[in-house]
Amino acid sequence: MVNTNPNKCPMPSQDPMVRNKNFGEVALGYTLEMAMDEARRCLNCKHKPCISGCPVLIDIPAFIAEVAKGDIEKAYEVLSQQTSLPAVCGRVCPQETQCEGKCVRANKGESVAIGRLERFVADWHREHCAQKPQTVQSNGRKVAVIGAGPTGLTCAGELAKKGYEVTIYEALHTAGGVLVYGIPEFRLPKDIVKYEIDNLKALGVKIETNMVIGKILTIDELFENGFEAVYIGSGAGLPKFMGIPGESLKGVYSANEYLTRVNLMKAYLPTSKTPIRKSRNVAVVGGGNVAMDAARSAKRLGAENVYIVYRRGMQELPARLEEIEHAQEEGIIFKLLTNPVEVIGDENGEVKAIKCVEMMLGEPDASGRRRPVVKPDSEFIIDIDTMIMSIGTSPNPLISSTTEGLETDKWGCIVTNGDDGLTTRDAVYAGGDAVTGAATVILAMGAGKQAAAAIDKMLNEK
Amino acid sequence: MDKILKKDFLNPTVCRMVINAPLIAKKAQPGQFVILRALEDSERIPLTISDYDAENGTVTIIFQLVGEGTMELATLCENDTICDFAGPLGKPSHLEGLKKVAVIGGGVGCAIAYPVAKKLKENGCCVHSVVGFRSKDLLILEDEFKAASDKLVIMTDDGSYGEKGLVTNALETLINSGEQYDEVIAIGPLVMMKFVCKVTEKYGIKTTVSMNPIMIDGTGMCGGCRLTVDGKIQFACVDGPDFDGHKVDFDEAISRSSMYKKFETHKREAACNLLNKEAE
């Protein structure tokens, strides 16, 4: 029987004023009862609009139907057909603009909590099923994947399942890409990422860390070493700065640096050997998920006042709804329609304040969002000791600059022929942020999956 | 891979390690660096490659024990493995086509200046090396520099070896004596490089410096190593580490290098105490 409750079953969470002082996961996850109850809110409608909202086309009503029956392993099997990282996606996908945004239940009340159910099923499987995936019989053909982030891991997993001998080359010392250096522990516990990576290894995927492709080996050398195809998933890691005075003062970070120190290098632990600033007043510039992650990390590290400084309004914040709500609950202060114009330092070169201007929203720009314009004579000062720039990233040129014939566009994104990710070089495919510019985990996974299918097809025809 | 084949101390605080890293050795060029973590929980630290041997598959690093990261590295012995060792990173130095160059090294920076002098010499360039140390007991790589230079001037702050004075004094003397250099390459403490640039600017000699700011990933990701060069933000890890010294904002770089001074001092003391305890 359908559960007619117009609202989602609430997610049990750590109390905001407790969690803003620790790095433990915020959302604690559904119990089996909650999950089955929530699953029964799904109408199992004929036209299944939710599936069209999913970049990897998970058969959402089918897995939810299994949850409603209480057959969680079966539900996991349904998920596994389309996604290799359900525990990750259930936590970090922007469901409100994807599957849940299309859910019929959202017409009257809240959508089915698809993301929370996906997370529940993946967590259940991890906790209850000890079985590791089996290595598939090798077909003797080697494929190289560059970057162990969401797109590379997905592509590698898909190819390994088909029998390819896949080696992932990762530049950092830990596999996971943005899942380990970017997204904080309180939103995505690193044990979960490690579990997924261990599963890939069990499938037979080799991961070589500390390998900066473009430097230690070029793509041409990978082919010389016997790889028959290469997939580039090197992400968009280059941080942008605003170009305003004072950005090189001590205490001004890129969000990448701040989060890498906190997440990858574990600077939040007292035993960590990587330093991080002890801040009291922090301004995070930007309004995306990364900005929310940085702001909430700063709060957890003991900052009293943490400001999100964003030049547009609440409606325009690009972050996931849940992250914005969580940030607000945790006491992050939103300074909207505000733009910094100068960072002010003290006599020691330490940041002490930012000069901002107020903004108004004008006519829509090319992105369809209303363009922010400066309100005249609106300058004001916010006293801070740390500033974190979270205004976007662009693709890393290390590979494109060392691979002849690999075309990039004016933003440095690798040019592909569309869906299957083939670049301007034979047998070289690319996907994820390296192609699209900074986007989401799930889009990167979708690209990895499509490229894996294209690589398989290409090698079969060869 | 990444096993320490040889370890020795060049002076009481400067350690040299020869690492088995065949892939890096094959690609390494003067001016490039590695990022390493000595142990599983160590900080990532950048170290410029001070020598490489493609044939034997080895890379040499020389480092001063200044912080916890380098101290941990120095606790490793021959046959130990360095936990993480990634490279070669950064752009190689541009050394082709130079006919006569003054290579200026300061302190442990000489470890980085040495492969530059060596490569120049191999290219048939006339190399004048000026190396400076605080005192005689801190002197490193004298024989190596001798072999790689047509002229070698050693300076010490206290006059305990070579000539008394700063590398800038020696450089200016050379220039005034009529030596004409295509380029001056200066590698050492920020203050030294700043003042070398001041001297060469006066004489209009092109000057390249090697910057070694705070860095995490070394691949362009964190932006922590940013410098202002010619008024623009540049990342030392991917745009450098070599830059036109006359365009680098040294005062800003000097200020930024002290960002974690307190933390580092605290950690270094903690590490020293721990080592002392173990030694007791």
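Labels below follow one simple rule: chain letters A, B, ... track the order of the sequence lines, proteins then strands, and each chain is numbered from 1.
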Donor-acceptor under 3.5 Å ([X] side chain, [Y] main chain):
X	Y	answer
B/R226	A/E247	yes
A/N210	B/D84	no
A/S254	B/C222	yes

| request: For the pair A/N396 and B/M221, evaluate side-chain contact (heavy atoms from CB on, under 4.5 Å) and give the outcome as yes or no after the intermediate values. | output: CA-CA 8 Å; A/N396 197 316; B/M221 201 185 85; 5.5 Å; no
So does [X] have more than 12 non-hydrogen atoms from other groups sitting under 6.0 Å from [atom1]?
X	atom1	answer
A/K194	NZ	no
B/K247	NZ	no
A/K206	NZ	no
B/K7	NZ	yes
B/E122	CD	yes

Below 4.5 Å from any heavy atom of chain B, which atoms of [X] appear? Answer side chain, backbone, both or neither.
X	result
A/I276	backbone
A/Y181	side chain
A/L398	side chain
A/E208	neither
A/S272	backbone
A/T393	neither

Segment of [X] engaging chain A (4.5 angstrom heavy-atom cut-off):
X	result
B/T219	both
B/R37	side chain
B/I214	side chain

| said: Run B/D217 and A/T260 through side-chain contact (heavy atoms from CB on, under 4.5 Å) and show every step you take. | reply: CA-CA 9 Å; B/D217 61 293; A/T260 300; 5.8 Å; no
Which heavy atom of [X] sits nearest a heavy atom of [Y], and at what distance?
X	Y	answer
B/K91	A/K215	N-NZ, 4.3 Å
B/G223	A/F241	O-CZ, 4.3 Å
A/L217	B/K27	CA-NZ, 3.9 Å
B/L23	A/M211	CD1-CE, 3.9 Å
A/P239	B/G220	CD-O, 3.3 Å

| request: Please tell me if the side chains of B/M259 and A/P275 come closer than 4.5 Å, counting only heavy atoms from C-beta onward. | output: no
| query | Taking the side chain as C-beta and beyond, is there a heavy-atom pair between A/K250 and B/K261 under 4.5 Å? | reply | no
| remark: Between the CD atom in A/E350 and the OG atom in B/S258, the distance rounded to the nearest 0.5 Å is 6.5 Å
| said: What's the separation between atom CZ in B/R256 and atom OG in A/S248, rounded to the nearest 0.5 Å? | reply: 5.5 Å
| message | Using a strict threshold of under 4.0 Å (side-chain N to carboxylate O), is an ion pair present between A/K273 and B/E72? | response | yes
